[in-house]
Amino acid sequence: MKILPQKTQTNQSMTSGCITIGLVFIFLLLGPLLTPINHTSQNLSASLQPPSSSHWMGTDYYGRDVLARLVFGGRITWIIAIASTFMAVNIGTIIGLFSAYQGGWIDLIVMRLVDVMLAFPKLFVVLLIVGLGASSTSLLIWVLALFSWMEIARIVRSEVMSQKNRTYIKSVRALGLRTPRIVFIHILPNVLGPVIVSSVLLISTIILVESSLSFLGLGVQAPSASWGSILNDGRIDPLGTWWLSVPAGLLILTTVIGFNLIGNGLHKQLDLKKIV
Amino acid sequence: MNSSRQKQPILEVNNLHVEYPVNFRGGFRRQKKQAVNGVSFTIFPGECFTIVGESGCGKSSIIDAILGFVKIKTGTVLFEKQDLTKLTPKNFRKLRPKIQPVFQDYNQALNPHQRIEDIFRETLPKHLLESQTDQLLSSVGLSKEIIRCFPHQLSGGQKQRVVLARALSVNPALLLLDEPVTSLDMSVFVQIVELLISLRKTRNLTFLLVSHNLSIVHLLADRVAIMKNGQFLEQQPLTTLLRNPKHDYTKNFINQITQL
Amino acid sequence: MLNGIIRRILSAIPTLLVGITLCFLIIHLAPGNPATRFLNPSQTAATQEIIRERFGLNQSLPIQYFHWLKQVLFHFDFGYSFYNGKDCTEVLISALGPTIILSFWALVFALSVGISLGIFTALRADTHVDRVINSTMMIFLSTPAFWLGLMFIGLFTIHLNWLPGSHLHSLYYDQLDSFGQLLDSVRHLILPVFTLGLPLAATVFKYIRAGMIDALQSDYTLAARARGIRQSTILWKYSLKNSLLPLVSLLGVIIPALLSGAVIVEVVFALPGVGRAMVTAVFGRDYPILMAGASLAFFIVILFNIVADIFYRILDPRIRNSAGGL
Amino acid sequence: MILQICLLCLNIFSLFSCQKNHHGQFEHSDLYPKNQQIQDGGTLVIGIRAEPESINPLFALSQSSRNIIRLVFSRLADINEDLKGFTPRLAKSWEISTDNSQITFHLRTNVHWQDGTPFTSKDVVFTYQMHINPVVAWDGMAYKQNISSVEAFNDSTVVFSFYENHRSMLSDAVEGYILPAHILQNISPQNLFTSDFNRHPIGTGPFQLNSWIDMQTITLLKNKRFYESGKPHLDQIIFRIIPDNFNLLNQLKAGEVDLVESIYPKDFQAIIQNWNHGHSDIRPISYLGRRYDFIGWNMIDPESYRNSIDRGESQDAIKYNIQPNRLFGSQKVRAALTMALDREAIMNTVNFGMAVPMNGPVSPILPSYNEAANIVWEYNPQKALKFLAEQGWTDSDGDNILDKNGIPFKFEILTESGNLLWEQVATIVQAQLADIGIQVTPRFLEPALLYGKLLPAKDFDAVIIGWSVGLTPDFSPLFHSSTFYTPFHFTGYYSREYDRLDELAKTAANDDMAQKYYDKIAQLLSNDLPYTWLYYRMECSAVHGRFKDIIYDRRGLYNNPEDWWIPLDERQYIDKVFKK
């Protein structure tokens, strides 16, 4: 499929992003091979050991292997980020499509709602809900998704608005096609580009918000773990127990950079002005 | 042409008013812009009725109004005696294939993510798909190699031919041609106009042509309406108009043609 | 023009109301009872009822809501904190100061660093300098703010002992002369402003750089260059002006980000701002403070959206001159 | 949040002696050589984690609020280290009437409120009225239940009358700080919670509030009118609010903060190391505090409890007919769970050695503590499995989880989110119980949610929390059947034998008799195991070495703030910079 302009050869941002994310992904996938130790097995007598040959990344309070926990926690972080992004993208796309295609009062009300939700400082309100409700991983995914769909909805709406008045849509409407068919077959594929770009960037944002919540003690709750919560384990003494705070922080940083790079790369590559 | 007068009109537009809301960010109250301001005309089967005027005079709004893409403020649009403004959306949709538009901007007229063959798959019955597609493409002068292509791989003239083929695929009675050749370069222009003329004959089509380009008007039109600021200045058969223009505005136009 | 502004402001009122109502519902429908804080072993049911009454929790939710709304709209009274009985308006006004100071300087920092580096690198696109700055900014954009803050404290406060890592002033601030006080405040602000400002600077940088590169390659710039207009004139009058425009609308995005960031920075650096007041209130289930804080945050964000809109309209001739515009 | 257990009765005549406490090494006072001349002046900076909610004794709940109140206000008398006698404060002396129904307090006549108004008996009477006013809802109201009236005989004499003769009469009378009548009588009790007084208190204590900058600092200055002449020695005490632990400790190390309480045991170990090697001036201070942590088992079936309440059954009917919990209703199961836990390892891991074992209800700081009275369930997984098998819990389907009649042994253990220690305990408990085939899911709930589930509703399986104890043994709010419906009795424990012993202990004629019953209570509860006691915590604090004469013991750290002082040659910049 060659709908893209010929800019593919020199997209450094894309390449380096893919490599970064690929490496982190391989780490998460093959991590258990690096360390034979189960991430839950405790050894209370070997608590808070610095890195050594038996524990490459040291141990935490319970003498659990930090490397194993980084792998396990990373998977949770990724699952949360990807699951809530997936949900946010779906919610945002459907609302955006619906709102733009219906137009009129519905559009006005939906867009006001989007304004309202965008006006919430994200961390503030997620803090509010997660803090007031009992925090569980699934609640976290839901809340993160429910407060992230608005930008997607806006992008979809504005794209649909611009596509809607293009002549090809007028033409297929004149052919007598049904509305759902027009929306999903003709409009949707043409707005997916910007949606993909912003959802990749959204993954980064959600990873950052989740780790901030964990820092405030509201994110993923033990005995489950995420990079944010592992980092938070080391928060009591970030320098003294650097093997808890530094690797987790660096992994968050790397992943976020990776997704940002991919997002930027895609943005360049899908330079949508040139498609139509 | 005189004979057509005895026939039933295929399209009858009476006292059409169209206005557009002017969107502006954040506000609730919207301002309106009058685009079409009391236009009436009748088109008979087989004829080519042409609306001529400067860009922005409201020509395209008439087409949008007939296709039901803008809300009509007052007035009626009768297609084969049915008032389109009073139809339910469902019934309107059923009637749609009868009236097909061809727009100026061929770049935007095709879905960039759809292969040519998929365009026809949407409307043609499955068992006839292949044969009918071939037939349609050849009738607009395209070879069948292009069916695996995406629109951006075609030239401007090819795209406009595909647009025509798509419109013909639903067997329309009335084609609404909105500046169909204006964006094409001169040689392609002539080919497309010739194609239109032959299609009109072979398929017994009626045209409503909208243009500010007088060469195509000269080649295609039977009757011409001159439009300015949302209103018709005059409506005449082409020959009458050329001989005896009533308005100064019309005269200016005709001078341009003679200069060509 | 004025008409348009007034209309824009009026249209924000329903937004504000819906938002506040949503907040109220979120806060009051969340499970858990704020009065459990006051439990003690000898407490009787009657005493529990008195405590609930003290906080108005004995009434039904709609009554609580309308009472709250009435107090806010007609008396500008957000009620009293459940935690310490303080007037919420007072709490927030005193907390707003540090948040404004912090956000203001972070914004100034972000804009000045972001814009200047953006222009600098746009003029040197695809050189080594550009790549280095670009990647550095990418890192700041991707760093969790609290981690950055902790690392700053570790490095500059503990390791090097150059800068203080908490509070707005030293303990003996009042004993210093006015220059000393200024210096003291600046020293205390540097790390928090950096922590909050660096990710924002990176965002601004991204926009400016992209806008500048676009503008520098655009037809009007090329045409201007062809006419022999001086490079600096092209830069300032043509390119920068056009790439600053998206920044104005970015303001609407930056303000919520600033407030979110302030929560973390205020906790890490022990600054007495709105964010920290809110975190404390979440943990203490201090409904009135939460409501007041949420309304305030809302108000600020919407206010800045309106301001950004108005500026946008003033600056962008396409909107300014279009029919029905301002 | 640690909920407070009130001191409902106090052993004034107990036979307690210092030697009896075998953890004596943790309780000592570091007195400066007496031959040194005490010098006035200097500043103490105390780092605290959260802003105090109020400096009004009627509403203060948090530890930091209570500490500040100790500095600003005074009581009639303070309890001594031996938990027997009292040191006179606002009361010069007191006598108990021959029929044991009245106590007459003779007040000091040289006391002034910090605004200059003289302190009189009116203030004492007014304070009592505030204490018993239900609208105020003072959390210590229970202390005053046995008092029938408080009357002023003259400006300097107050008579407390009692309904019954209890051993706790004197401590009940002196409980609570005295409030200024001349200020508070102008404020209606309804508005007291929101009054300005809470932030601008006027007391009679050694220090007075100078300024309170929100979420930053609270500055107390020396009270020049303080009734003990020549005291206090320090010029000012500043409370600096630093929520982030990392920052707090670093400011302690850097000397910007002089005193920090409740240090995490791991950090405390580092402070001990540095002090012992002479690397730092930060002196570690530890003593057996007031807190212990335990696992509470829900002994009744939550669903049947809820259903009975919904059916509106009488309280007695519920109490006697309630179904036992399917898991923890059996004493053998609770004993097995206790034996399955390596409580010593738990204690050492989470406390880094800063705790002592606890096996029964009586806290080690109390005179009535008797280690030998408790039944100790040593760590023994084999025996635990045997006990469980006797109760029908075996792994019959080979999935490594015990089951009985097809139901697996699974439960949820709740604890408070944000409490690092308890979260750690929950994580370890999960792992250790998994070893004997019990599947535990830890759930960390935000305090308001946790206590909402626990305290009124009894809707839980097991919970890890802790109590903060008073200086007298009183377990009736936790275990006596008469308190079955009050919040703190959440385990649903019910035993006629316990009720009998509890009443006997309270009404015993003397402490010798009472001790016998307390031993029996300890034996009964440590056998019945409504709780599995985990450990008794030591308080870990640190203070800069230049502060002298700080007396700390089981009562806490703020026993004699008016006596703290700094030698001239150890003064630092902060001690000198403030202009008088």
Side-chain angles (χ1 to χ4, degrees), chain C residues 30-48 50-51 53-55 80-81 83-87 90-91 94-95 98 149-150 153-154 157-158 161 164-172 174-175 266-273 276-277 279-280 282-285, chain D residues 1 3-6 8 43 45 50-54 59 61 134-135 137 139-143 145 190 192-195 198-199 213-217 238 240-244 246-248 250-251 253-254 256 418 446-449 451-452 455-456 477-478 483 486-488 573-574 577-579:
Chain C
N33 176 2
T36 36
R37 236 171 63 74
F38 299 90
L39 275 180
N40 69 64
S42 57
Q43 198 170 64
T44 59
T47 320
Q48 283 175 25
I50 285 168
I51 288 175
E53 214 176 294
R54 186 190 285 165
F55 300 135
Y80 296 93
S81 159
Y83 183 63
N84 56 19
K86 261 184 90 178
D87 187 345
E90 257 175 58
V91 174
S94 78
L150 287 179
I153 293 178
T157 307
I158 295 165
N161 200 13
S166 77
H167 293 85
L168 281 176
H169 306 302
S170 300
L171 276 174
Y172 38 83
D174 290 336
Q175 316 295 324
E266 283 167 10
V267 170
V268 172
F269 290 96
L271 301 177
R276 210 176 109 206
V279 173
T280 319
V282 166
F283 284 111
R285 250 163 233 249
Chain D
M1 183 166 85
L3 301 166
Q4 301 285 323
I5 292 185
C6 297
L8 284 176
T43 298
V45 183
E51 178 160 65
E53 63 273 11
S54 166
F59 302 117
L61 294 171
V135 174
D139 71 336
M141 228 193 310
Y143 294 109
Q145 276 166 353
Q190 284 85 358
L192 213 51
F193 184 74
T194 56
S195 82
N198 304 343
R199 321 246 322 153
I213 307 169
D214 286 330
M215 292 186 263
Q216 294 273 283
T217 47
I238 298 174
R240 197 120 159 100
I241 301 151
I242 307 162
D244 186 67
F246 181 50
N247 236 324
L248 181 64
N250 285 312
Q251 300 208 8
K253 281 179 206 155
E256 286 164 44
E446 200 252 337
L449 280 178
Y451 298 112
L455 300 182
L478 308 182
T483 60
T486 62
F488 281 23
Y573 179 67
I574 187 97
V577 67
F578 287 97
K579 293 162 196 147

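The shown structure was predicted, so the numbers you read here are calculated from the model rather than taken from an experiment. Chain naming here is simple, since letters A, B, ... match the order of the sequence lines and numbering starts at 1 in each.
Per-residue heavy-atom pair counts under 4.5 Å with chain D were compared for I153(C), T157(C), L271(C), and the maximum is reached by I153(C). Most heavy-atom pairs under 4.5 Å with chain C, from the set P52(D), A50(D), A254(D), P134(D): that is P134(D).
Here CD of E53(D) is found 9.5 Å from OG of S81(C). Values are rounded to the nearest 0.5 Å. Between the OG1 atom in T43(D) and the OH atom in Y172(C) there is a gap of 12.0 Å [rounded to 0.5 Å]. Rounding to the nearest 0.5 angstrom, the gap separating the CD1 atom in I158(C) from the NZ atom in K253(D) is 7.0 Å.
The closest side-chain heavy-atom distance from L168(C) to M215(D) is not below 4.5 Å. No side-chain heavy atom of E90(C) sits under 4.5 Å from any side-chain heavy atom of D214(D).
Remark: the backbone N or O of H167(C) is not paired with any side-chain donor or acceptor of Q216(D) at under 3.5 angstrom.
Only the side chain of Q251(D) comes within contact range of chain C, with heavy atoms under 4.5 Å apart. If you measure heavy-atom distances from S170(C) to chain D, the contacts under 4.5 Å come from the backbone alone. Interface residue L150(C): backbone and side-chain heavy atoms are both found under 4.5 Å from chain D. For chain D, the nearby parts of L171(C) are the backbone and the side chain; heavy atoms of each come within less than 4.5 Å. Contacts of I574(D) with chain C are made by side-chain atoms alone, with heavy-atom separations under 4.5 Å and no backbone atom involved. For I238(D), the part sitting under 4.5 Å from any heavy atom of chain C is the side chain, from C-beta outward, and nothing else.
A centroid separation of less than 6.0 Å is found between the aromatic rings of F55(C) and F193(D).
In this structure N247(D) satisfies the side-chain hydrogen bond (donor to acceptor under 3.5 Å, both in side chains) test with no other residue, sequence neighbours excluded.
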